[in-house]
Amino acid sequence: MKHPDLERNIDAAARLICSGKLVAFPTETVYGLGGDATNPSAIASIYEVKGRPSFNPLIIHVPSIDIAEKLVKFSEQSKALAEHFWPGALTLVLPRRQNCPVSLLAGSGLETLAIRIPENEIALNLLRKAQVPIAAPSANKSGSVSPTTANHVRNSLRDDIDLIVDGGACKIGVESTIIDMSAENPCLLRAGGIPLEDLEREVGNIQVLGKRQQVLKAPGMLSRHYATQIPLRINAKEIHDGEALLAFGGRTLGKAVAVCNLSRAGDLNEAAANLFDMMRQLDKPEYTGIAVMEIPEVGLGRAINDRLRRASY
Ligand code: TXA
Ligand code: MG
């Protein structure tokens, strides 16, 4: 890490985390609101700041597989996934070890923990310096659009947290893919930054749960998550009066009061990186709503469509 200011900020962030305070930091997916995962009162403040129901368990971030192994039990298959995709936008749900130091509150008292190694130098440095696992949900109020820049975080949480480490825009822009590896068969709990197809190439078929089952198994998957303030409509074929357009690809639907294009080239990775920022840009009370053009249900398109469906009414 070359920039001395950034380096100092990461040091300060590590100290704050160790003293039970909260820090927002960048990851390759979205900005996280981090606290010491072993400190129940830090975890309680995360829930408080997010305004999140406390039955919703958090993702635990670690800097290495060795450290992950101290917290949870890996099967052969989950080890293979970890080795192939970590650091990266994959969260594995695995059984807690008996002596796991992570606060029960962070895992909502479940027998399992959701865990990942983020692929972002700032996040990794912070984790190495803090020397504690960091619990981090997305750094936004519960039920609103996830932050992909430090400014997004500032706008929603400025008064509630001690420090925001600015690492620029997040490379991927949607949250990690969550796979439950604690049961007999791998099972997708949340589509995200690593496409399902890539994971299946490593471990074969991954069960995809229906929406109701997803919510039961990953309580954070409540429907009105990721919501915009104004109505959002997916698979739009035309523009209604006063609507803004969230476009995808070379075509446009015309007559919108404002337009953002997720990717003119029709590139789903670019679209994911732009998604939450553009949802915010178009989320203005003077528009009647946001019309979103159809996005193909492949690769990162699954995660994009999942977030858009949740934000739509
Ligand atoms: O990309 C990400 O994953 C971001 C960055 C900051 O790493 N984090 C994130 O965390 O999205 P959060 O707290 O917003 O989402 C956590 C999700 C929720 O849907 C929750 O229900 C699920 O993980 N989860 C956590 N622990 C679980 C467990 N033991 N079993 C099943 N689902 C779990
Ligand atoms: Mg979130």
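Counting convention: from 1, in listed order, for ligands and their atoms alike. Throughout, numbering of the chain's residues begins at 1 and tracks the sequence.
In summary, of the residues considered (Asn125, Ile122, Asp11), a side chain to side chain contact (heavy atoms under 4.5 Å, CB included) with Leu6 occurs for Ile122 alone.
Put simply, the side chain of Glu243 never gets that close to the backbone of Tyr287: no donor and acceptor are under 3.5 Å apart. Between the side chain of His152 and the backbone N or O of Thr148 there is at least one donor-acceptor pair closer than 3.5 Å. Looking only at distances, a side-chain donor or acceptor of Lys141 sits under 3.5 Å from a matching main-chain atom of Val49.
Short contacts between ligand 1 and Leu189, defined as distances under 4.0 Å to a heavy atom of the residue, involve ligand atoms 31 (C), 32 (N). Interface of Thr112 with ligand 1, defined as ligand atoms under 4.0 Å from a residue heavy atom, comprises 28 (C), 29 (N), 30 (N). Close contacts between ligand 1 and Glu175 involve ligand atoms 1 (O), 2 (C), 11 (O) [criterion: under 4.0 Å to a heavy atom]. Interface of Ile178 with ligand 1, defined as ligand atoms under 4.0 Å from a residue heavy atom, comprises 17 (C), 22 (C), 23 (O). Listed by atom number, the atoms of ligand 1 under 4.0 Å from Ala136 heavy atoms are 6 (C), 8 (N), 10 (O). Of all the atoms in ligand 1, the ones that sit under 4.0 Å from a non-hydrogen atom of His61 are 5 (C), 6 (C), 7 (O).
Residue contacts with ligand 1: Gly107 is excluded, as none of its non-hydrogen atoms falls under 4.0 Å. Distances shorter than 4.0 angstrom do not occur between any heavy atom of Pro118 and any atom of ligand 1.
Looking at heavy atoms from C-beta onward, Arg280 lies in side-chain contact with Pro147 at the 4.5 angstrom threshold.
Considering backbone and side-chain atoms together, Ser176 places an N or O closer than 3.5 Å to an N or O of ligand 1. Residue Thr27 places no N or O, backbone or side chain, under 3.5 Å from any N or O of ligand 1.
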Side chain to side chain contact (heavy atoms under 4.5 Å, CB included) assessment of Ile17 paired with Val132: CA-CA 9 Å; Ile17 297 263; Val132 289; 4.0 Å; yes
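For the residue pair Asn235/Glu294, the side-chain donor-acceptor check at 3.5 Å is not satisfied. Checked by atom type, the side-chain pair Asp36/Thr38 shows a donor-acceptor distance below 3.5 Å.
Of the candidates Leu94, Leu58, Leu92, Leu110, Leu110 brings a heavy atom nearest to atom 28 (C) of ligand 1.
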